Amino acid sequence: MINVQPNLAMDNGPNNPKDSETVIQCDLKELHYGAFKAVRDTRIPIRKGEVTAFIGPSGCGKSTVLRCLNRMNDLIRGFRFDGNVHFRGRDIYHPGVDPVAVRRYIGMVFQQPNPFAMSIYKNITYGLRINGYRGDYDEIVEKALRGAALWDEVKDKLRQSGLSLSGGQQQRLCIARAIAVEPEVLLMDEPCSALDPIATRKVEDLMSELKEKYTIAIVTHNMQQAQRVADRTAFMYVDTTQGGRTGYLVEMGETGQIFEDPTEQHTRDYISGQFS
Amino acid sequence: MDLDTSSEISRPPSTFQRVSDRGFRILSLGFAWLTILVVLYIIWEIGSKSTPAMKTYGAGFLTGTTWDPNTGEFGILPEIWGTLYSSILALTIGTVFGVAVAIFLTEGYLGTVVYNTLRLCHLQQHRLFSKAPTACETLLKNLVELLAAIPSVVYGLWGIFVVIPMIRPTCNWLHESFSWIPFLGTPLSGPGMLPAALVLAVMILPTIAAISRDALVSVPPKLREASYGLGATRWETLLAVILPTAAGGIFGAVVLAFGRALGETMALAMLVGNANRISVSLFAPGNTLASLLANNFAEAGGDENKVAVLMFAGLVLMAITLVVNMIGALILQRATRGLKGLN
Ligand SMILES: Nc1ncnc2c1ncn2[C@@H]1O[C@H](COP(=O)(O)OP(=O)(O)OP(=O)(O)O)[C@@H](O)[C@H]1O
Ligand SMILES: [Mg+2]
């Protein structure tokens, strides 16, 4: 871990059983964008060393909830969050917590590959530089690129622009960039939606490897993908009964249970592709 | 070509449509060529009118430092120096402020301040005020662009009667305290390089601010997100990601502004002091090519030789502007190409 910030680096809380330790506990009561109530009543625990998937119809607030977990939504004017998110026992929405520090522990990979307009090497060292890390950059770059299954493809052109890579390579570069700073948790918002099946497969394999070291939360529209990679799955849905379009958590459980034996009718309909 | 497939609705374009389409194409082509021809014609006229002076004075015209119509001795080195010096000074000041304004306008600083103020009064969702943050940003942007609408001569008046009296005490104090620094080597007795450059900076500010703003706005939001997502602060994101990505566009803004500063006439003629001398002192009066022309064309009258001399000076000014713009365009091209990842 690079540059541990004292206000977030807390030891395991007292009531965390060893094997299913909860790293992030999200208790969302209400979430607004301006006057628009986007999400309500969503409690999602994210366990250490697991992949947690978010599924649900478009617009139900999956990205919104995911972005709450590292306070990315703070950048949106008018955003209001009611509830709390505990990261290793600390409420990250506490007024004394700096959102910038949160994001150094909880990294993010976005739907669209978004490498910076700089070399591959510099893309990866960017996070290290802003963390003020002094050390062997070369080693970390190689490790991150190997970790993202990209090393063999780019090892001879590290000085070339990150934009010169293909879309799938760019996405893996973004993953490498995110893991280079060794975050505790990696949030991925539809990381494969811009990728072909082969690159998708690579990223999925990658997730299975990465979860040994990192905790992963992923949003996906691909049911097979959720079944392939996720240990636990959260299903969200849109509530239109109160005149708005408010997303909420319908149920959450082991991936196998959600897909084979869901408790709620909504989940069953969604998974079997039936919509009312 | 007749397809002969006319139905009720689909049918080939009528003769009128075809003729007007063709006519419009020819017309726009004609105007495009006309523009080019006018430029070439002006260059040719000025070139031919200045040939006598070129023959008489040759390269000495560019290196001479006296301008004396009585003895017929003409040299424009002080004016070349003054043109470049005042423009570069103005550009330095204007770039700093212009880019700062552009950042302030695009990175949501103003909007956030307004929004937070409203939130203190719990008005942020009020029907009347919810659009206030964006409205304030638009207002400021338009105000800055309005600076470009002020006539040059009004800037000159403002410079003479407001700026010079305002900065004079400070300048003279600086001169007295640090006269060993070459830039502060003379007192400011009235018009001079610094007031001219200050006013010029304000004049080119809208160009720099508006174009830089466009460049900053066009930085994809996903790059900001990427940077914030890695735990960068606003400042780090701005310096390491946003400004470098927008650098090409910002540089374009600076080059355009440089072109404008080089040719700016009226305000400089009023403020620069029209003294035929070369000095690095910020407070010394000087002269620029444009203001030299403005101050001398009336006396030239029918005197062929004097007209030729002025035309020659005009040609030099045009050449400087052209070279600056071309260098700028070249660097700009490189910068954008680097951005696209082709380098
Ligand atoms: N920046 C924003 N400002 C205002 N409303 C927003 C913003 N971002 C999202 N919303 C709204 O919040 C709701 C949830 O959006 P969100 O992007 O979280 O959905 P999603 O489940 O990720 O959908 P998708 O699967 O299409 O990505 C939508 O109704 C959307 O219109
Ligand atoms: Mg989404």
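Treat the numbers as computed from the prediction; the structure is a model and nothing was measured. Here is the naming used below: chain letters follow the sequence lines, and residue numbers restart at 1 for every chain.
Annotation for A:H221: atom NE2 counts as buried by contact number, over 12 foreign heavy atoms lying within 6.0 Å. Within 6.0 Å of the CZ atom in B:F97, the count of heavy atoms belonging to other residues, nucleotides or ligands does not exceed 12. More than 12 heavy-atom neighbours from other residues, nucleotides or ligands sit within 6.0 angstrom of NZ on A:K157. Counted within 6.0 Å of CZ on B:F183, heavy atoms from surrounding residues, nucleotides or ligands total 12 or fewer; the atom is thus considered open.
With a 4.5 Å cut-off on non-hydrogen atoms, B:Y115 touches chain A through its side chain but not through its backbone. A:L165 does not touch chain B: none of its heavy atoms, backbone or side chain, sits under 4.5 Å away. For B:P220, no part sits under 4.5 Å from any heavy atom of chain A, backbone or side chain.
Between B:S227 and A:Y126 there is a side-chain heavy-atom pair separated by less than 4.5 Å. Side chains of A:F116 and B:L230 form a contact here, defined as non-hydrogen atoms less than 4.5 Å apart. Put simply, the side chain of B:E225 reaches to within 4.5 Å of the side chain of A:R67, judged on heavy atoms. Between B:P244 and A:M118 the shortest side-chain heavy-atom distance does not fall below 4.5 Å.
Using non-hydrogen atoms only and a strict 4.5 Å limit, no part of residues 254-263 of chain B faces chain A.
The backbone N or O of A:P113 sits less than 3.5 Å from a side-chain atom of B:K222, completing a donor-acceptor pair.
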### Task
Please test B:E236 against A:R103 for salt bridge (Lys or Arg N to Asp or Glu O under 4.0 Å), starting from the C-alpha separation and ending with a verdict.
CA-CA 14 Å; B:E236 287 163 341; A:R103 296 187 203 121; over 6 Å; no
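Annotation: the span from A:L75 atom CG to B:T112 atom OG1 amounts to 10.0 Å, rounded to 0.5 Å.
Put simply, of A:R129, A:R71, A:K122, A:R177, the one with the most heavy-atom pairs under 4.5 Å next to chain B is A:R177. Counting heavy-atom pairs closer than 4.5 Å to chain B, the top-ranked of the candidates A:Q111, A:M72, A:Q112 is A:M72.
Considering every non-hydrogen atom in both A:N114 and B:A226, the closest pair reads ND2-CB, 3.3 Å.
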